[in-house]
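What follows is one structure encoded as structure tokens, with my remarks underneath.
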Amino acid sequence: MNLKETLNATGETLIKTGSPDAKLEAEVLIRHVLGIDRATFFRDLDEPVTDSDRQHLDDLVVRRLRREPLNYITGFREFYGLSFEVSDSVLIPRQETELLVETVISLARSRPKHEIKICDVGTGSGAIAISLAVNLPFAEITAIDISQSALDIADANRRTHGVYNRVALRRGNLLEPVDFKPEIIVSNPPYIPMGDLSLLQPEIQYEPRVALDGGTDGLELIRGLLSQSLDKVSSTGAILFEIDSSQENSARILAREYFPNSHISVLDDLSGSSRAILIEEISQ
Ligand code: GLN
């Protein structure tokens, strides 16, 4: 079989995963096996595929048919225009989380002073922290996670992206390892209600529970984050965290309970769903 026939056959097979992007996933897996970029792939469509490459591809297709996420199979995920190493120790960064990065970048740029201390709570692969460091050259980021294996991945990513010196990694529960007052606290915490987890698509079952399980109502970690933020966040600062759109009201009420005198807004992602809560004008 040549590359084109392999692409078509693999695309057909991957339809069984229910993925709407079966053909694109087939291309990604084939390019991963061959170690080639898109341009080379389309240039070489008539070239034959060797038996050993075919065998390797078949093994990866079997994993994907078991609904292992594509990005765990390739080991990489694009986020905010950067490529991040991922493994099943970290949540796969979602496109909608780019909203958090965009918002922090504009908050940071609108400040009179460029030097800024930012904490990313529950950093996982480091996607948020590292995207911020790459785009905000004067920012010092502290990225925290409770999982050492997640911090190991974040460490690899901060080195790859050349921001090792401006992204400090700390292990601990939420803000506990932080002994200074950051201007911005950003977080994509676990927020799925515990009881809903097993109902979600099979791919999510491969992701770390600790990154998804938000307790009984999904808000337990957010409650902890807000409570710890009370005496950690700078009085000129802001807190930004991701939510599910169904939590818009409950999360806004929670934010109001902890920060009654602050300005609280709900931010929408690109698909128009409520995706984050921003707390500003923190004065205590
Ligand atoms: N948005 C993610 C999902 O639905 C959940 C991420 C999280 O809990 N932080 O899979």
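Worth saying up front: this structure is predicted, and the values here are computed from it rather than measured. Counting starts at 1 for both ligands and their atoms, in listed order. Just so you know, these numbers use all the heavy atoms, side chains as well, and skip hydrogens, waters and symmetry mates.
- For Asp37, the CG atom sits in a packed shell: over 12 heavy atoms of surrounding residues, nucleotides or ligands are nearer than 6.0 Å.
- Between Arg63 and Asp59, none of the side-chain N atoms (NZ, or NE/NH1/NH2) sits under 4.0 Å from a carboxylate O, so this pair counts as no salt bridge.
- Of the N or O atoms in Asn188, one or more lie within a sub-3.5 Å distance of an N or O in ligand 1.
- When hydrogens are left out, the protein atom nearest atom 1 (N) of ligand 1 is Tyr191 OH, 2.9 Å; that is the closest non-hydrogen contact.
- Ring geometry, Phe79 versus Phe84: the interplanar angle exceeds 60°, so the pair is classed perpendicular (tilted spans 30 to 60°).
- Only side-chain heavy atoms of Ile204 come within less than 4.0 Å of ligand 1; its backbone N, CA, C and O stay farther off.
- Numbered from 1 in the order shown, with element, the atoms of ligand 1 that lie under 4.0 Å from a heavy atom of Arg94 read 2 (C), 3 (C), 10 (O).
- In terms of N/O distances under 3.5 Å, ligand 1 is not approached by Pro190.
- Under a 4.0 angstrom heavy-atom cut-off, Gly122 registers as lying outside contact with ligand 1.
- Near Ala211, with a cut-off below 4.0 Å to any heavy atom, the atoms of ligand 1 are 7 (C), 8 (O), 9 (N).
- A donor-acceptor pair under 3.5 Å is absent between the side-chain atoms of Glu68 and the main chain of Glu203, judged by distance alone.
- The environment of CD in Gln205 is crowded: more than 12 heavy-atom neighbours from other residues, nucleotides or ligands sit within 6.0 Å.
- Looking at Glu207 next to ligand 1, no N or O pair under 3.5 Å apart turns up.
- Looking only at atom types and distance, the side chain of Thr97 has a donor-acceptor partner in the side chain of Glu242 under 3.5 Å away.
- Inclusion of Arg275 in the set of residues having an N or O under 3.5 Å from an N or O of ligand 1 is not warranted.
- Heavy-atom minimum distance, Thr123 versus Ala129: OG1-CB, 3.9 Å.
- In this structure, atom 4 (O) of ligand 1 lies nearest to the protein heavy atom Ile192 CD1, 4.2 Å.
- At a cut-off of 3.5 Å, with distance as the only test, no side-chain donor of Asn8 or Glu12 sits close to an acceptor on the other residue.
- Within ligand 1, the atoms closer than 4.0 Å to a non-hydrogen atom of Pro189 are 7 (C), 8 (O), 9 (N), numbered from 1 in the order shown.
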